[in-house]
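Shown next, in structure tokens, is the structure this report addresses.
Every chain is numbered from 1 and lettered A, B, ... according to where its sequence line falls, protein lines coming before strand lines. What you see is a predicted model; the values in this text were computed from it and never measured.
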2 protein chains.
Amino acid sequence: MSTKNFPHTSKDKRAVSVPKHDVFHAIADPTRRQMLQLLADNELSIAAIAQFFPISRTAVNKHLHILAEAGLVSCRKAGRETRYKLEPEPLAELKTWLSFFEQYWDERLAALKHLVEADEEPS
Amino acid sequence: MSTKNFPHTSKDKRAVSVPKHDVFHAIADPTRRQMLQLLADNELSIAAIAQFFPISRTAVNKHLHILAEAGLVSCRKAGRETRYKLEPEPLAELKTWLSFFEQYWDERLAALKHLVEADEEPS
DNA sequence: TGTTTTCAACACCAAAAGGTGATATATTCA
DNA sequence: TGAATATATCACCTTTTGGTGTTGAAAACA
């Protein structure tokens, strides 16, 4: 394939304003997935979250920023702490994406069932 | 948090036999997601796949290896070409993971609806 | 046989990811 | 005011990621 659909500007990435961290990327990291589960039931500060992981608060903060960029968490200042909570809506994109493939694995299951049933009555 | 739940072996990663590339990681890359969609309907060789992307065949090959490691594609030698096709089953893990969060965004929608209704009869 | 095709494997590179510690900044409280 | 706390931000480091080109082996075919 040609690359002509790529702009002439070779290394200008300034004005792109690309989201950069989408939902798919955000949930790729197992630590971030655990954080989402943790924040599903509790609104927690960074320090509270950090207690559950063997990494520094700075690292926790970075993960939270990535999750926030993807819209999966929101934060609220409460005095001197910042409390984070889950925002599950962006996961709908994932669900939509998945639904495209569901037909294929439904087909697979149907084919498999067919095979098993055919096996019960040998040719 | 302490790190004592981590084994004493400091940098021994030999015997772990870690999968290394799980489904979540595999679908994090947009190119790989497009490849999955492409392979959903067609069983294609590397050269054929590479025609759809502005990257080298070597790069395509790497992406396919990552997808194969996650179990999302399988390959079959046909003469001198290797044909790849979709294996949708591992996406079930994603679906399962998602289902955990569905209750939360269902709750959200319910709460939102409640708010809207409450708004109709001001306090 | 030799040539072409298709891929796999290798070395290499730049950028991003995930982590660290150190240093602000802002808030609470004595 | 000063001290303690909670977080944000900065500079830095190492590993991984996504890409490149080159090389080499196996299959197809003249």
Side-chain angles (χ1 to χ4, degrees), chain A residues 1-3 6 10-14 16 18-35 39 43-70 73-85, chain B residues 1-3 6 10-14 16 18-35 39 43-70 73-85:
Chain A
M1 158 169 285
S2 78
T3 60
F6 282 32
S10 57
K11 47 184 62 178
D12 190 334
K13 289 190 178 180
R14 274 175 290 114
V16 187
V18 67
K20 191 182 180 185
H21 288 139
D22 63 350
V23 181
F24 291 92
H25 171 259
I27 66 163
D29 185 90
T31 300
R32 286 196 289 270
R33 289 199 298 277
Q34 287 182 42
M35 286 183 179
L39 294 173
E43 189 187 31
L44 295 173
S45 69
I46 292 190
I49 298 169
Q51 287 191 317
F52 291 89
F53 300 94
I55 59 177
S56 69
R57 292 182 192 192
T58 306
V60 170
N61 204 6
K62 283 192 187 179
H63 283 304
L64 287 172
H65 270 270
I66 291 172
L67 289 172
E69 228 179 315
V73 300
S74 65
C75 61
R76 172 176 71 89
K77 300 239 30 164
R80 55 188 157 185
E81 11 180 81
T82 310
R83 302 241 180 84
Y84 285 80
K85 69 172 177 182
Chain B
M1 153 168 285
S2 77
T3 59
F6 280 34
S10 58
K11 48 183 62 177
D12 189 334
K13 289 189 178 178
R14 274 177 287 114
V16 188
V18 65
K20 191 180 181 185
H21 287 139
D22 64 350
V23 182
F24 292 91
H25 172 259
I27 65 164
D29 185 90
T31 301
R32 286 196 289 270
R33 289 200 297 278
Q34 286 182 42
M35 285 182 181
L39 294 173
E43 189 185 32
L44 295 174
S45 69
I46 293 189
I49 298 169
Q51 287 190 317
F52 292 89
F53 300 93
I55 59 177
S56 69
R57 291 184 192 191
T58 306
V60 170
N61 204 8
K62 282 192 185 180
H63 283 304
L64 288 171
H65 270 271
I66 291 172
L67 290 172
E69 228 180 313
V73 300
S74 64
C75 61
R76 171 176 71 87
K77 303 238 31 163
R80 57 188 157 182
E81 14 180 79
T82 310
R83 303 240 179 84
Y84 285 81
K85 70 172 175 182

Can you give the donor-acceptor pairs under 3.5 Å from side chains of residues 26-33 of chain B to other protein atoms, not counting sequence neighbours?
from, atom 1, to, atom 2, distance (Å)
B/D29, OD2, B/T31, N, 2.8
B/D29, OD2, B/T31, OG1, 3.4
B/D29, OD2, B/R32, N, 3.2
B/R32, NE, B/A26, O, 2.7
B/R32, NH1, B/H63, ND1, 3.1
B/R32, NH2, B/H25, O, 3.3
B/R33, NH1, B/I27, O, 2.7
B/R33, NH1, B/A28, O, 3.2
B/R33, NH2, A/D22, OD2, 3.4

* **B/R32 side chain, from C-beta outward: closest of D/dG18, C/dG21, D/dG21** => D/dG18
* Less than 4.5 Å apart, any side-chain heavy atom of B/F52 and any of B/Q34? -> no
* To do: Mind checking the CG-CD1 spacing from A/L44 to A/I49? Nearest 0.5 Å is all I need.
  => 5.5 Å
* Structure fact -> Looking only at C/dA8, D/dG19, D/dG21, the nucleotide nearest the B/T58 side chain is D/dG21
* Within less than 4.0 Å of OP1 or OP2 of D/dT16, is there a side-chain N or O belonging to B/H25? -> no
* Asked: Of the nucleotides D/dT7, D/dT20, D/dA8, which has the atom closest to the B/S56 side chain?
  -> D/dT20
* Contact class for A/T82 (heavy atom, under 4.0 Å): base, sugar-phosphate, or nothing? -> sugar-phosphate
* Look at all strands and tell whether B/A47 reaches a base, only sugar-phosphate, or nothing, counting heavy atoms closer than 4.0 Å. => sugar-phosphate
* Asked: Does A/H63 place a side-chain N or O at less than 4.0 Å from the phosphate oxygens OP1/OP2 of C/dA17?
  -> no
* Round to the nearest Å and state the distance from B/H65 atom NE2 to D/dT16 atom P. => 18 Å
* To do: On DNA chain C, check which nucleotide each of B/C75 and A/D29 is closest to and give me the residue with the more 5' one.
  => B/C75
* Asked: Out of curiosity, B/K62 NZ to B/L64 CG, how far, rounded to the nearest 0.5 Å?
  -> 12.5 Å
* Asked: In whole angstrom, what separates B/Q51's CD from C/dC7's P?
  -> 11 Å
* Of all the choices, D/dT7, C/dC7, D/dA8, which nucleotide is nearest to the side chain of A/N61 once you look at every atom? -> D/dA8
* **Proximal nucleotide (of C/dC7, D/dT20, C/dG19) relative to the A/T31 side chain** => C/dG19
* Side chain of B/K62 only, please: which of D/dG19, D/dC10, C/dA9 is the nearest? => D/dG19
* Structure fact -> From CZ of A/R83 across to C1' of D/dA8 the rounded distance in Å is 17 Å
* To do: Mind calculating the distance between CG (B/D22) and P (D/dT16) to the nearest angstrom?
  => 15 Å
Between the protein and nucleotides 27-30 of chain C, which nitrogen or oxygen pairs come in under 3.5 angstrom?
none

* Asked: To the nearest Å, how far apart are A/H21 NE2 and D/dT17 C1'?
  -> 13 Å
* Nucleotide C/dT5, atom P - distance to CD of B/E81 in whole Å -> 13 Å
* Rounded interatomic separation in angstrom, taking CG from B/L64 and P from C/dA9 -> 13 Å
* **Rounded interatomic separation in angstrom, taking CZ from B/R57 and P from D/dT20** => 13 Å
Show me the donor-acceptor pairs within less than 3.5 Å that the side chains of residues 73-84 of chain B make with the rest of the protein, sequence neighbours left out.
from, atom 1, to, atom 2, distance (Å)
B/S74, OG, B/E87, OE2, 2.7
B/R76, NE, B/E43, OE2, 3.1
B/R76, NH2, B/E43, OE1, 2.9
B/R76, NH2, B/E43, OE2, 3.4
B/E81, OE2, B/R83, NE, 2.9
B/E81, OE2, B/R83, NH2, 3.0

